[in-house]
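Position 1 is the first residue of the sequence, and the numbers go up from there. Quick caveat: nothing in here was measured; it's all calculated off a predicted structure.
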Amino acid sequence: MAAAMELRCWGGDWGLPSVHTESLIVLAYAKFSGAKVTVSPIDWTWKTLTATVPELLCGDVAVQQPSQIRFNADYELSARQGADTMAYIALLEEKLRPALMHTFWVDAENYVNLTRPWFASRSPFPLNFIVPGRLASTALSRILLTKGEAPLHRITEVEGKLYSDAKECLNLLSYRLGTATYFFGNSPTSLDAFVFGFLSPLYKAGLPSSPLQSHLQQLHNLTSFCDNILALYFNADRPCPPPPVQETMDANLQKLTQLVNKESNLIEKMDDNLRSSPQHKPHRVDPKPSLASEKSSTPA
């Protein structure tokens with residue numbers, strides 16, 4: 001019997017199941033694959049085993065990174081689509097994440113009026129003074145570490161580049177999605193989960209100041225993408241659509257069976273051809289006489 005899975009993550013708000021990008025990625029991925037996961041909202045990270053969220057517990061194993069939490073929503077992807085998935089996830093991490101961290105944790109107006117009060121209100125004393133500041137410090141350090149190369153040493157010098165890259169990333173995602181419901185076919189995959197996790201907080205949060213949010217709201221296919229996933233997979237009054245896992249397994253099994261049958265038929269034909277071909281007696285080459293035999297046959 002498989003061990004029960006428990007997902008510990010930050011709670012939800014703004015019409016979202018969680019306000020935390022990594023938590024949203026894992027929640028969406030679990031929904032897409034139909035995985036049976038018990039969700040336990042954690043309002044402060046020190047209650048988890050690893051002091052980080054999301055945290056997926058399966059028996060005695062704890063996994064934190066969304067990229068390491070794999071269910072089975074990608075069965076139908078080709079090798080090319082799998083490579084595209086990794087490329088777009090890398091694009092999200094490099095181009096969009098720094099701007100999101102700046103929007104929520106470094107922008108003074110957003111941090112004072114939205115981000116800090118939200119996380120502080122969901123953390124008990126004295127963690128309500130510690131957790132928001134620690135997360136803000138981590139975000140600023142990561143931005144400067146990854147984007148503050150010379151000559152951009154200060155955060156004010158980095159801001160322009162951050163938001164320029166982020167808008168370019170949003171435009172590329174919008175172009176790639178086009179008029180489709182999901183990025184690959186008619187069923188959501190891990191790429192859809194990552195895009196949803198990155199975009200939905202930016203789309204739904206009541207940010208006092210955010211040019212990036214304004215830019216996203218103009219890309220209607222991306223906002224419809226978020227709304228569609230929320231309506232289909234996170235609506236309590238509406239059951240989630242069944243995952244296509246069994247159909248895919250049946251299709252793969254059928255392909256494998258067809259391949260085995262073709263190879264069996266080919267082997268049978270080869271065997272029949274061998275049986276029907278004329279049989280020739282193998283030609284036996286007489287061995288050359290050895291030196292010893294030559295000597296013994298020499299007359300004295």
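- R142 has a carboxylate O that lies under 4.0 Å from a charged side-chain N of E93, or vice versa, which qualifies the two as a salt bridge.
- Residues P201 and V19 form no side-chain contact, since every pair of their non-hydrogen atoms from C-beta on lies 4.5 Å or further apart.
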Please step through side chain to side chain contact (heavy atoms under 4.5 Å, CB included) for the pair L144 and L140, ending with a clear verdict. CA-CA 6 Å; L144 292 176; L140 178 59; 4.1 Å; yes

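- In this structure, L162 and L212 have side chains that are not in contact, with every pair of non-hydrogen atoms separated by 4.5 Å or more.
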Would I143 and H102 count as a side chain to side chain contact (heavy atoms under 4.5 Å, CB included) here? Give the steps. CA-CA 8 Å; I143 291 173; H102 185 277; 3.8 Å; yes

For N110 and S209, run side-chain hydrogen bond (donor to acceptor under 3.5 Å, both in side chains): C-alpha distance rounded to whole Å, both residues' side-chain angles, the deciding distance at 0.1 Å, then the answer. CA-CA 6 Å; N110 293 333; S209 168; 4.9 Å; no

Start with the C-alpha distance between T189 and D192, add both sets of side-chain angles, then the distance that settles side-chain hydrogen bond (donor to acceptor under 3.5 Å, both in side chains), and finish with yes or no. CA-CA 5 Å; T189 63; D192 298 280; 3.2 Å; yes

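- F184 has its side chain within reach of T85: a pair of non-hydrogen atoms, C-beta onward, lies under 4.5 Å apart.
- Between D227 and K204 there is a salt bridge, with a side-chain nitrogen of the basic residue lying less than 4.0 Å from a carboxylate oxygen of the acidic one.
- With rounding to the nearest 0.5 angstrom, the NZ atom of K161 is 14.5 Å from the CD atom of E159.
- Counting heavy atoms from C-beta on, the side chains of P132 and T115 never come closer than 4.5 Å.
- Remark: L91 CG to L191 CG distance equals 10.0 Å, nearest 0.5 Å.
- Separation of atoms CG (L207) and CG (D107) is listed at 8.5 Å; rounding is to 0.5 Å.
- Side-chain atoms of T103 and Q213, non-hydrogen and from C-beta on, never get closer than 4.5 Å to each other.
- Relative ring orientation between F119 and W105 is described as tilted, the plane-to-plane angle lying within the 30° to 60° band.
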Could you check F198 against I25 for side chain to side chain contact (heavy atoms under 4.5 Å, CB included), going step by step and ending with a plain yes or no? CA-CA 8 Å; F198 275 81; I25 293 171; 4.0 Å; yes

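- Using a 4.5 Å heavy-atom threshold, the side chains of L202 and L100 count as touching.
- A distance of 6.0 Å or more separates the ring centres of F104 and Y111.
- Within the 4.5 Å cutoff, side-chain heavy atoms of P17 are placed close to those of L230.
- Between F225 and F183, the ring centre distance stays below 6.0 Å.
- For an aromatic pair to be called close, the ring centres must be under 6.0 Å apart, and H215 with Y163 fails this.
- Within the 4.5 Å cutoff, the side chain of I229 has no heavy atoms near those of the P188 side chain.
- Note: L16 CG to Y203 OH = 10.0 Å, rounded to the nearest 0.5 Å.
- Exactly one residue among Y182, F32, F196 makes a ring pair (Phe, Tyr, Trp, His ring centres under 6.0 Å) with Y233. That residue is F32.
- V195 and M86 fall into different hydrophobic clusters, where Ile, Leu, Val, Met, Phe, Trp and Tyr are joined by side-chain heavy atoms under 4.5 Å apart, directly or via other members.
- The shortest heavy-atom contact between N235 and A231 is CB-O, 3.1 Å.
- Scanning both residues, T223 and L216, for their nearest heavy atoms gives CG2-O, 3.5 Å.
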